[in-house]
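Contents: one structure, followed by commentary.
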Amino acid sequence: MKRKTLSLQCAIILFCIVLSACRTGPQQPGLRQSTGMYQYDNETKSVGVRKTGPYYSDRQAVTGKNGMVASAHPEASRVGVDMLKAGGNAVDAAVAVQFALAVVYPGAGNVGGGGFMVYRDRSGQAYTLDFREKGPEKAQKDMYLDSAGNVIPSLSITGHLASGVPGSVDGMVEAHRRFGKLSWAQVLQPAIDLAEKGVVLTEREALGLNRTKKSFLAVNPDKRYFMKPDTTDWKTGELLIQTDLGQVLRRIQAQGRAGFYEGETARLLVAEMQRGGGIITENDLKNYHAIWRDPLVGTYRNYKIITMPPTSSGGVALLQLLRLVEPYPLRKWGWNSDSTVQVMIEAERRVYADRAKFLGDPDFVKVPVQELIDRNYLKNRWADFSFDRATDSKNVKGGNLPGYESLETTHFSVVDKDGNAVAITTTLNGGYGSRVVVGGAGFLMNNEMDDFSIKPGVPNMFGLIGNQANAVAPGKRMLSSMTPTIVEQEGKLYMVVGTPGGSTIITSVFQTILNVLDHGMTMQQSVNALKFHHQWLPDKTTFENGAFSDETIRKLQARGYILEQLTNSLGRMDCILFRPDGTLEGASDPRADNTSVGY
Ligand code: GLY
């Protein structure tokens, strides 16, 4: 729909007439309605009755004194707490949760994907681990273009060429080697049990698998995986048994990283690639290593933010966003008032433009991290902003830095009794990744290659565009938006936050932090709160039904903001807050199966 060029007065009158006439219909007139480009593949239906006002639901928090795990699946959270009760620390629990999610939540949990971990130990020392997938050694800059230079549809999204070299298993091996207390065998065992004895399908997972069946069949000749023997639809409550995945997990349990990157699992993975025209080789697997990176640390007001540096753009973008809005009285203006939303949208517009211009794998391109989060630089980014009118994204470019030329992921949070805290976001990229199941091994491969900029200016599946900094190259990690983050208050652990959602991860984390720090919400209220998103291009603000009052909508539209109401939801937050009385508040998202378990 093209933007209308009505005079301001006419636009307001027209909007009000249409709004009141259609109040009861599903679509708010004057607004575009969309399932959104960010729709999760296994999005099924809204959970419970959606209220208008700030909250998606009135779900209550889970509390605990000794430990808390918040993840996308009740079984995975239970596994994590079992590890804590057995004397394990937050890292033991996190490793067990990562492997459990690979079994119980195949849409995003994984051994065939990658991710990022932020870890803050009880003394306040912070660490970040990058286990993002890498471009295979045979990857080429133009590998997703035809001879005329046009993008070949879906090639970076579905099938064997879509996969990067997986990083999750090495990431977990590294995290456990450095910080684990329980034995490796012990943290792997629950996932093995779940794979071999079976997991009871939730309604959401059953629907997700049914909706993906067609594409599973298209790329996998072997119908054993994620399918019933007669290929009829799954029903809620049926048991998904994954024997081959159980064997993979047993090899990882017995041999550590060699159980995945060498030997039988590697052989099966490479054979699968050769069968389907993929390019991942034995060498790629052998050479994959997770990397410990210096945490990205900054302040927002008097809070310390510990977050993920590149290869994720998430941490840089989050700090930019927080610092861009810092000078404004958001608390006084109120949650999602027109001024609050306007300033947040304009910050997001500028930050995503910077993301496209500057961000990429720091092992391949120089990423000006400190320059991008510098408060003077950010102050200048407001130079063309006016409260009277939306800035046009066409006129916004990545900033000028001195010296510079010019759905599906999952997150979980763990806190143990000693106050060690882990935030991990991990992914196959789209729901069920590339849909390629490794024959004989039963695990899904990622489609993370789509997170590269496959051609300058061409949007990826999340509508994000990129440039040279994020071009495809062998051995290079593709840029991410994952934003696992830990917040400190006066030197003490305060919040552990994160979410899936592709490009919307950054803005969901941003809002979830502001809801607590500026709008006085509890952690659960903040997770429940309705959300919105802007990413520079396309130049529009998408929002969950009810996120904006009629007044906010009217005022923003009068200033030229293009608003699009989503029929799906934003975020699947799994967060933990350390309350002043020492209680842990586990806040999992009511938008899906996410569950917190504490003790
Ligand atoms: N695959 C989504 C992300 O890494 O941002």
Side-chain angles (χ1 to χ4, degrees), residues 3 31-32 34 36-38 300 313-328 330 333 336-359 371-375 377-401 406 453 457 459-460 462-467 469-470 479 481 483 501-511 513-514 531-544 547-548 552-553 555-566 570:
R3 254 173 72 190
L31 308 175
R32 299 192 293 184
S34 159
M37 73 186 86
Y38 324 107
Y300 170 66
S313 64
V316 172
L318 176 65
L319 279 175
Q320 285 192 297
L321 288 170
L322 289 169
R323 287 178 168 184
L324 278 164
V325 302
E326 201 173 33
Y328 293 99
L330 301 189
W333 286 342
N336 283 12
S337 68
D338 56 301
S339 299
T340 299
V341 172
Q342 188 172 7
V343 160
M344 290 168 73
I345 291 172
E346 293 298 344
E348 290 167 9
R349 190 193 309 281
R350 288 157 178 79
V351 164
Y352 279 82
D354 278 352
R355 181 192 190 278
K357 180 170 176 180
F358 294 111
L359 276 283
E371 292 88 337
L372 285 167
I373 62 172
D374 177 78
R375 283 191 168 88
Y377 166 73
L378 293 169
K379 195 170 153 206
N380 289 333
R381 293 294 271 151
W382 283 124
D384 57 349
F385 169 62
S386 153
F387 275 104
D388 298 338
R389 193 81 202 148
T391 315
D392 190 334
S393 280
K394 278 203 293 299
N395 301 327
V396 174
K397 306 277 178 267
N400 292 317
L401 290 174
S406 42
S453 171
N460 73 0
F462 301 110
L464 290 169
I465 63 166
N467 250 303
N470 189 32
L479 187 61
S481 298
T483 316
S503 57
T504 70
I505 291 174
I506 297 164
T507 53
S508 289
V509 169
F510 175 48
Q511 289 167 85
I513 290 175
L514 290 183
K531 306 216 161 48
F532 65 91
H533 173 73
H534 192 288
Q535 60 178 47
W536 173 48
L537 293 172
D539 186 353
K540 63 181 181 183
T541 303
T542 50
F543 66 99
E544 289 184 302
F548 299 151
T552 295
I553 289 172
K555 287 184 171 167
L556 290 172
Q557 289 199 319
R559 290 171 209 157
Y561 289 90
I562 301 167
L563 305 178
E564 186 171 297
Q565 181 180 297
L566 294 164
L570 286 171

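The first residue in the sequence is number 1, and the count goes up from there. In what follows, every heavy atom counts, from backbone to side chain, and hydrogens, waters and symmetry copies are set aside.
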K531 vs T507, side-chain contact (heavy atoms from CB on, under 4.5 Å): CA-CA, chis, key distance, verdict | CA-CA 9 Å; K531 306 216 161 48; T507 53; over 6 Å; no
Tell me, with the steps shown, if I553 and F543 meet side-chain contact (heavy atoms from CB on, under 4.5 Å).
-> CA-CA 11 Å; I553 289 172; F543 66 99; 4.2 Å; yes
Would you please test T541 and L556 for side-chain contact (heavy atoms from CB on, under 4.5 Å) and show each step?
-> CA-CA 10 Å; T541 303; L556 290 172; over 6 Å; no
Determine, stepwise, if the pair Q535 / S503 fulfils side chain to side chain donor-acceptor pair (under 3.5 Å).
-> CA-CA 8 Å; Q535 60 178 47; S503 57; 2.6 Å; yes
In sequence, state the C-alpha distance, the side-chain angles, and the governing distance for D539 and K394, and then conclude on side-chain contact (heavy atoms from CB on, under 4.5 Å).
-> CA-CA 8 Å; D539 186 353; K394 278 203 293 299; over 6 Å; no
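Considering CG of N400 and CG of N380, their distance stands at 10.0 Å, rounded to 0.5 Å. We find the CG-CG distance between N336 and L514 to be 10.0 Å, quoted to the nearest 0.5 Å. Rounding to the nearest 0.5 Å gives a distance of 9.5 Å between CD of E326 and CG of L378. Taking OH of Y561 as the reference point, atom NE2 of H534 lies at 8.0 Å (rounded to 0.5 Å). Atoms NE2 and CZ, on H533 and F462 in that order, are 10.0 Å from each other to the nearest 0.5 Å. In this structure, CG on L319 lies 9.0 Å from CZ on R375, to the nearest 0.5 angstrom.
You'll find the side chain of Y300 stays beyond 4.5 Å of the side chain of L318, heavy atoms only. Looking at heavy atoms from C-beta onward, M344 lies in side-chain contact with Q511 at the 4.5 angstrom threshold. Between K357 and N467, the closest side-chain pair of non-hydrogen atoms is not below 4.5 Å. Residues E371 and F358 are not in side-chain contact: their nearest non-hydrogen atoms beyond the backbone lie 4.5 Å or more apart. Using a 4.5 Å heavy-atom threshold, the side chains of D384 and N395 count as separate.
A donor-acceptor contact shorter than 3.5 Å is absent between the side chain of T542 and the backbone of K540. For N470 (side chain) and L479 (main-chain N/O), a donor-acceptor pair under 3.5 Å exists by modelled atom type. Under a 3.5 Å cut-off, the side chain of D354 and the backbone N or O of G399 do form a donor-acceptor pair. When atom types are taken as modelled, the side chain of R349 and the backbone of V396 share no donor-acceptor pair closer than 3.5 angstrom.
Counting all heavy atoms, side chain and backbone alike, S313 lies closest to R355 at OG-NE, 2.8 Å. Between G502 and S481, the shortest heavy-atom distance links the atoms O-CB, 3.4 Å. Closest non-hydrogen pair, Y328 versus V343, comes out as CD1-CG1, 3.6 Å. When all heavy atoms of L563 and Q557 are compared, the closest pair comes out as CD1-CG, 3.7 Å. Closest heavy-atom contact between G314 and I506: CA-CG1, 3.8 Å. Shortest non-hydrogen contact noted between T391 and E346 is OG1-OE1, 2.9 Å.
Remark: K397 NZ is packed, more than 12 non-hydrogen atoms of other residues, nucleotides or ligands lying under 6.0 Å away.
With sequence neighbours excluded, no residue forms a salt bridge (Lys or Arg N to Asp or Glu O under 4.0 Å) with D374.
Between F385 and W382, the two ring planes are tilted [angle within 30° to 60°]. Ring orientation note: the planes of F548 and F532 are tilted relative to one another, at an angle of 30° to 60°.
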